[in-house]
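Notes to accompany the following structure.
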Amino acid sequence: DVKVTQSSRYLVKRTGEKVFLECVQDMDHENMFWYRQDPGLGLRLIYFSYDVKMKEKGDIPEGYSVSREKKERFSLILESASTNQTSMYLCASSSTDRGNYGYTFGSGTRLTVV
Amino acid sequence: RKEVEQDPGPFNVPEGATVAFNCTYSNSASQSFFWYRQDCRKEPKLLMSVYSSGNEDGRFTAQLNRASQYISLLIRDSKLSDSATYLCVVNPPGGYNKLIFGAGTRLAVHP
């Protein structure tokens, strides 16, 4: 069964800390994505990557950075955590195979910044 | 205007009812369309793709109207296990398979 694994299910961090969220997929997918999900706002794209070492800003990249050193791993970094970054963070991957555009999501990381 | 708009609900229906959700999208050049299901505090999972000719998967029927930029999901004979949030999802032009998610419609099926 194909999988996207996020390293932590729940995290509590302090304001100003540097936070790393890790995501690993075992499907050899080219594309990987980081979203955050907030009530009433739906999923909003933070960053995505279509290849190793390649990254593109999504709709809300401010306060975040990403790293993709290996195809299977896509990391989201909160440079200096703030309380407005308290959210559910979802990683997803997809193939570039035309006709197969669906995402597979990880189980999410619920981050609380205090 | 949001790129993908859905009625947030909740839709409260009895078991066995038929319920329909609608969704509109703003980019007329969008290429592919999906419905995802998300259970409480879980990740979204692909329910079904939506094809131009309409498609059915058991009790679920999806329709696409490109002229009106409108997508629908019909659930027949609702089960308690159908209770979830249903996300309308659109793949706009621009490559990289960068999906746009609606905020979701919540369905609660009661006995």
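Labels below follow one simple rule: chain letters A, B, ... track the order of the sequence lines, proteins then strands, and each chain is numbered from 1. Everything numeric in this text was worked out from a predicted model, so none of it was measured.
- Using a 4.5 Å cut-off between heavy atoms, Pro44(B) touches chain A through backbone and side chain atoms alike.
- Other residues, nucleotides and ligands contribute at most 12 non-hydrogen atoms within 6.0 Å of the CZ atom of Arg106(B).
- Atom NZ of Lys45(B) is surrounded by 12 or fewer heavy atoms from other residues, nucleotides or ligands within 6.0 Å.
- Leu21(A) and Met32(A) fall within a single hydrophobic cluster, where Ile, Leu, Val, Met, Phe, Trp and Tyr are joined by side-chain heavy atoms under 4.5 Å apart, directly or via other members.
- Between Leu99(B) and Ser94(A), every side-chain heavy-atom pair lies at or beyond the 4.5 Å cut-off.
- In the hydrophobic clustering of ILVMFWY residues, with side-chain heavy atoms under 4.5 Å counting as a link, Leu11(A) and Leu76(A) come out together.
- At a threshold of 4.5 Å between side-chain heavy atoms, the hydrophobic network of Ile, Leu, Val, Met, Phe, Trp and Tyr places Met88(A) and Leu87(B) in one connected group.
- Here disulfide (SG to SG under 2.5 Å) pairs that include residues 6-63 of chain A, with residues two or more places apart or in two chains, are Cys23(A)-Cys91(A).
- The environment of CD in Gln69(B) is crowded: more than 12 heavy-atom neighbours from other residues, nucleotides or ligands sit within 6.0 Å.
- With a threshold of 4.5 angstrom between heavy atoms, Gln38(B) approaches chain A through side-chain atoms but not through N, CA, C or O.
- Of residues 105-114 of chain A, those residues lying under 4.5 Å from chain B by any heavy-atom pair are Phe105(A), Gly106(A), Ser107(A), Arg110(A).
- Applying the disulfide (SG to SG under 2.5 Å) definition to pairs two or more places apart or across chains, none involves residues 31-84 of chain A.
- For residues 35-47 of chain A, a heavy-atom distance under 4.5 Å to chain B picks out Tyr35(A), Gln37(A), Gly40(A), Leu41(A), Gly42(A), Leu43(A), Leu45(A), given by residue number.
- Shortest non-hydrogen contact noted between Phe48(A) and Lys98(B) is CE2-CD, 3.3 Å.
- Residue Leu78(A) is not grouped with residue Leu90(A) when hydrophobic side chains (ILVMFWY) are merged at heavy-atom distances under 4.5 angstrom, including chains of intermediate members.
- Both Ile71(B) and Leu73(B) are members of a single hydrophobic cluster when ILVMFWY side chains are connected at heavy-atom separations under 4.5 Å.
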